[in-house]
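Reviewing the structure listed below.
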Amino acid sequence: MPRLIAPSKDESALLPPFLELPEKAIFIPQTPAEFEAAFRAIHAEQILGFDTESKPLFNVGQHDSGPHLVQLATAQQAWLLQLHLPMALELSREVLAAAHICKVGFGLDNDKHSLPRRLGAPLVNIQDLDSRFKQLGYGPSVGVRAAAALVLRQSFRKSKRTTTSNWAATDLTAAQRRYAANDAHAPAVIYAHLSAWESTIATQPRRKTQGEQTRTLGQDF
């Protein structure tokens with residue numbers, strides 16, 4: 001079956017910007033009291049946006065010690081768990097193995113392999129939202145940017161410089177905090193609107209499939 005075409009990067013950029021979390025809604029627990037507060041808030045949720053970050057590798061054969069950061073978020077707030085901290089490691093284990101919490105994200109194949117090794121625990125109730133879009137006729141890797149454009153009609157942008165920054169750093173920069181938080185926040189928001197959006201697809205004008213676009217281009221010459 002021909003694939004539906006998701007919005008391109010240029011098309012997405014024309015939309016209003018994604019509504020990012022404010023700094024006050026981003027939590028990076030460091031003390032036992034902060035981890036206890038994070039534990040209670042997170043375990044009260046049934047759905048969490050989920051992502052990870054790792055220090056980039058620039059040399060062949062370099063040891064990969066990541067992931068170094070686990071991000072969890074709701075539509076209102078986010079928690080950044082730095083895995084060099086024992087309490088962050090333990091909280092990540094508990095949340096990602098919790099059957100009552102569905103963790104949603106995009107492009108999670110690598111996380112499904114690397115995180116169990118890093119945490120020493122299985123991942124339970126993980127949903128890669130790329131699979132939802134694939135079922136609707138899109139390609140296998142729609143990704144958060146295109147999904148935000150489709151579902152939210154918003155432009156989700158990522159800084160390449162921040163993407164390749166040092167995620168193993170003890171102190172994350174403001175740019176890293178925003179980037180990491182919204183990488184988990186966006187899937188949470190998209191998931192909250194996904195069912196309603198899916199119900200409207202049949203009534204919307206159909207976007208050309210990849211095969212139809214190719215045939216149209218061929219007719220122009």
Side-chain angles (χ1 to χ4, degrees), residues 3-28 41-42 45-53 69-80 101-109 111 126-165 167 172-210 213:
R3 290 178 181 172
L4 296 176
I5 303 299
S8 68
K9 186 174 182 180
D10 289 341
E11 290 170 330
S12 300
L14 299 174
L15 298 170
F18 175 74
L19 301 178
E20 297 184 348
L21 286 172
E23 185 74 24
K24 65 180 180 181
I26 302 172
F27 301 96
I28 311 178
I42 291 170
E45 300 294 334
Q46 294 182 324
I47 305 292
L48 288 171
F50 162 60
D51 197 22
T52 68
E53 304 295 343
L69 186 72
V70 168
Q71 303 109 269
L72 301 167
T74 67
Q76 294 79 34
Q77 55 191 336
W79 297 267
L80 309 183
I101 304 174
C102 180
K103 283 73 66 172
V104 300
F106 290 89
L108 300 180
D109 285 348
D111 294 315
I126 303 291
Q127 183 178 150
D128 194 325
L129 295 181
D130 279 332
S131 63
R132 287 279 291 268
F133 287 90
K134 184 178 180 181
Q135 290 171 2
L136 295 171
Y138 291 93
S141 301
V142 166
V144 64
R145 177 196 54 75
L150 286 167
V151 178
L152 307 177
R153 303 301 298 163
Q154 294 176 359
S155 173
F156 185 86
R157 300 185 180 186
K158 289 190 175 189
S159 163
K160 186 175 182 180
R161 180 176 181 180
T162 306
T163 300
T164 57
S165 60
W167 292 104
L172 300 177
T173 66
Q176 284 179 308
R177 293 194 298 271
R178 289 193 302 270
Y179 179 105
N182 287 294
D183 252 9
H185 172 55
V189 176
I190 291 167
Y191 184 85
H193 292 82
L194 190 53
S195 293
W197 174 77
E198 287 174 333
S199 69
T200 68
I201 290 177
T203 64
Q204 293 178 352
R206 189 172 66 87
R207 185 178 173 87
K208 287 183 178 180
T209 65
Q210 192 170 25
Q213 285 194 350

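- In terms of the ring pair (Phe, Tyr, Trp, His ring centres under 6.0 Å) criterion, residue partners of Phe133 (sequence neighbours excluded) are, by chain and number, Trp197.
- Side-chain atoms of Arg153 do not come within 3.5 Å of backbone N or O of Leu15 as any donor-acceptor pair.
- Across Ile101 and Glu45, no two heavy atoms sit closer than the pair CG1-O, 3.3 Å.
- Here the CZ-OH distance, from Arg157 to Tyr179, works out to 14.5 Å after rounding to the nearest 0.5 Å.
- Side-chain atoms of Asp130 come within 3.5 Å of backbone N or O of Val142 as a donor-acceptor pair.
- For the residue pair Phe27 and Lys24, the shortest heavy atom distance occurs at CZ-O, 3.7 Å.
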Please list, one pair per line, the donor and acceptor atoms closer than 3.5 Å that link side chains of residues 181-190 to other protein atoms, with sequence neighbours excluded.
from, atom 1, to, atom 2, distance (Å)
Asn182, OD1, Leu21, N, 3.1
Asn182, ND2, Arg178, O, 2.8
Asp183, OD1, Lys158, NZ, 3.3
Asp183, OD2, Lys158, NZ, 3.3
His185, ND1, Thr74, O, 3.1

Side chain to side chain contact (heavy atoms under 4.5 Å, CB included) assessment of Phe50 paired with Asp128
CA-CA 10 Å; Phe50 162 60; Asp128 194 325; over 6 Å; no

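- In this structure, CG in Leu72 is found 10.0 Å from CG in Asp51, a value given to the nearest 0.5 Å.
- Taking every heavy atom of both residues into account, Pro140 and Lys134 meet most closely at CA-CD, 4.2 Å.
- Of the inter-residue distances, the one linking Leu194 atom CG with Leu136 atom CG reads 7.5 Å to the nearest 0.5 angstrom.
- Within a 6.0 Å sphere centred on CD of Gln46, other residues, nucleotides and ligands contribute 12 heavy atoms or fewer.
- The two atoms that bring Phe106 and Ala147 nearest to each other are CZ-CB, 3.5 Å, heavy atoms only.
- By the neighbour-count criterion of 12 heavy atoms within 6.0 Å, atom CZ of Arg177 is densely surrounded, having more than that number from other residues, nucleotides or ligands.
- Interatomic distance, Trp79 CH2 to Ile42 CD1, rounded to the nearest 0.5 Å: 5.0 Å.
- In this structure, the side chain of Arg145 does not engage the main chain of Ala13 through any donor-acceptor pair within 3.5 Å.
- Rounded to the nearest 0.5 Å, atoms CD (Gln71) and CD1 (Ile26) are 10.5 Å apart.
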Test side chain to side chain contact (heavy atoms under 4.5 Å, CB included) on Phe156 and Gln154; report intermediate values, then the result.
CA-CA 6 Å; Phe156 185 86; Gln154 294 176 359; over 6 Å; no

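- Considering all non-hydrogen atoms of both residues, Ala6 and Glu11 come closest at O-OE1, 4.4 Å.
- The OG atom of Ser141 sits 7.5 Å away from the CG atom of Asp109 when rounded to the nearest 0.5 Å.
- Considering all non-hydrogen atoms of both residues, His193 and Val151 come closest at CB-CG1, 3.7 Å.
- A donor-acceptor pair under 3.5 Å is absent between the side-chain atoms of Glu53 and the main chain of Leu69, judged by distance alone.
- Of the possible polar contacts, one joining the Ser155 side chain to the Ser12 backbone as a donor-acceptor pair under 3.5 Å is found.
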